[in-house]
Amino acid sequence: MRRVMASAPVEEAPPEEPRTERPKLRTEFAFELPRGYVDDEGKVHHSGVMRLATARDELIPLRDDRVRENSAFLTVVLLARVVTRIGDITDVHAGIIENLFASDLAFLQDMYRRVNSEGHTRAGVACPECGHSFVVDVAGGRLGES
């Protein structure tokens with residue numbers, strides 16, 4: 001008597017789909033402040049760069065005594081961690097963020113929310129005259145720049 005082993009039919013593996021390249025992760029976002037930061041010498045700085053926040057960036061400010069005393073200071077400490085440049089200033093700290101005009105602080109808060117939750121700085125808007133809808137980049141820039 002011969003023993004015969006039955007084997008399950010071999011299924012062919014599906015052909016591999018070609019891998020599509022993911023777009024490169026954008027981690028830095030340039031911006032133009034609406035009013036600009038005025039340094040101690042009176043020079044106005046408009047352009048800057050904000051990087052994506054990490055979990056650490058959001059956790060460390062919670063241990064800051066200034067934030068513990070006044071929760072509104074969280075925005076200042078957090079932005080000081082993620083704004084890497086304003087004009088010629090590369091050492092951006094809480095003191096610089098504190099001295100921004102309120103409109104510039106609000107602009108950076110909105111930009112932070114956009115880049116860290118939505119991944120971009122674009123916003124849909126509509127013309128108040130004709131109602132035509134279009135997209136703008138709220139990070140700013142001058143006309144003709146991309």
Side-chain angles (χ1 to χ4, degrees), residues 7-146:
S7 63
V10 177
E11 291 183 27
E12 289 186 34
E16 282 191 37
E17 293 181 22
R19 292 186 185 186
T20 56
E21 290 273 332
R22 278 187 162 183
K24 187 175 178 187
L25 177 63
R26 185 173 172 196
T27 60
E28 292 190 332
F29 298 83
F31 61 81
E32 291 285 325
L33 293 172
R35 298 220 187 273
Y37 170 72
V38 182
D39 65 19
D40 294 336
E41 298 169 2
K43 183 177 179 186
V44 182
H45 304 268
H46 289 281
S47 63
V49 175
M50 178 186 292
R51 67 172 173 77
L52 282 178
T54 63
R56 183 180 190 93
D57 291 323
E58 294 202 348
L59 292 171
I60 286 181
L62 299 176
R63 296 189 302 213
D64 191 298
D65 290 336
R66 298 167 295 186
V67 174
R68 287 182 179 174
E69 290 175 20
N70 181 358
S71 61
F73 207 75
L74 175 63
T75 297
V76 171
V77 176
L78 185 55
L79 287 174
R81 292 186 60 84
V82 298
V83 173
T84 59
R85 182 180 61 78
I86 297 178
D88 301 335
I89 302 165
T90 56
D91 180 23
V92 179
H93 51 79
I96 290 174
I97 302 296
E98 281 181 294
N99 287 307
L100 288 172
F101 292 109
S103 58
D104 289 335
L105 181 65
F107 169 83
L108 288 175
Q109 285 176 302
D110 182 58
M111 183 171 169
Y112 177 90
R113 182 187 59 76
R114 286 182 187 281
V115 302
N116 286 288
S117 64
E118 300 172 17
H120 59 79
T121 57
R122 295 179 307 276
V125 296
C127 173
E129 295 284 321
C130 68
H132 175 72
S133 297
F134 56 98
V135 175
V136 296
D137 189 339
V138 296
R142 293 185 177 88
L143 289 175
E145 292 181 354
S146 53

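All figures in this text were calculated on a predicted structure; none of them were measured in a lab. All values below come from the heavy atoms of this structure, side chains included, with hydrogens, waters and symmetry mates left out.
To the nearest 0.5 Å, atom CG of residue L74 and atom CG of residue L62 are 6.0 Å apart. Within the model, atoms CG of D65 and CG of N70 stand 12.5 Å from one another, a figure rounded to the nearest 0.5 Å. The CD1 atom of I86 sits 12.0 Å away from atom NE2 of H46, with the distance rounded to the nearest 0.5 Å. With values rounded to the nearest 0.5 angstrom, D39 atom CG is found 8.5 Å from D88 atom CG.
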Enumerate, atom names and distances included, each donor-acceptor pair closer than 3.5 Å involving a side-chain atom of residues 92-104, sequence neighbours excluded.
residue	atom	partner	partner atom	Å
H93	ND1	G95	N	3.1
N99	ND2	G95	O	2.8
S103	OG	R35	NE	3.4
D104	OD1	R35	N	2.9
D104	OD2	G36	N	2.8

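Proximity of R81 to E58: side-chain heavy atoms (C-beta onward) are nowhere separated by under 4.5 Å. Looking only at side-chain heavy atoms (C-beta outward), M111 and M50 come within less than 4.5 Å of each other. Taking 4.5 Å as the limit, every side-chain heavy atom of V67 sits out of range of all side-chain heavy atoms of V76. Inter-residue side-chain proximity for R66 and V77 is flagged as met; some heavy-atom pair is nearer than 4.5 Å. Between H45 and L33, the closest side-chain pair of non-hydrogen atoms is not below 4.5 Å.
Residues F31 and R85 share a closest heavy-atom pair of CZ-O, 3.9 Å.
Electrostatic pairing of R68 and D64 does not count as a salt bridge here, judged by no charged N lying under 4.0 Å from a carboxylate O.
For the salt bridge (charged side-chain N to carboxylate O under 4.0 Å, His left out) test, residues two or more places apart in sequence or in another chain that qualify with R51 are D57.
The backbone N or O of Y112 sits less than 3.5 Å from a side-chain atom of N116, completing a donor-acceptor pair.
A donor-acceptor contact closer than 3.5 angstrom links the side chains of T75 and Q109.
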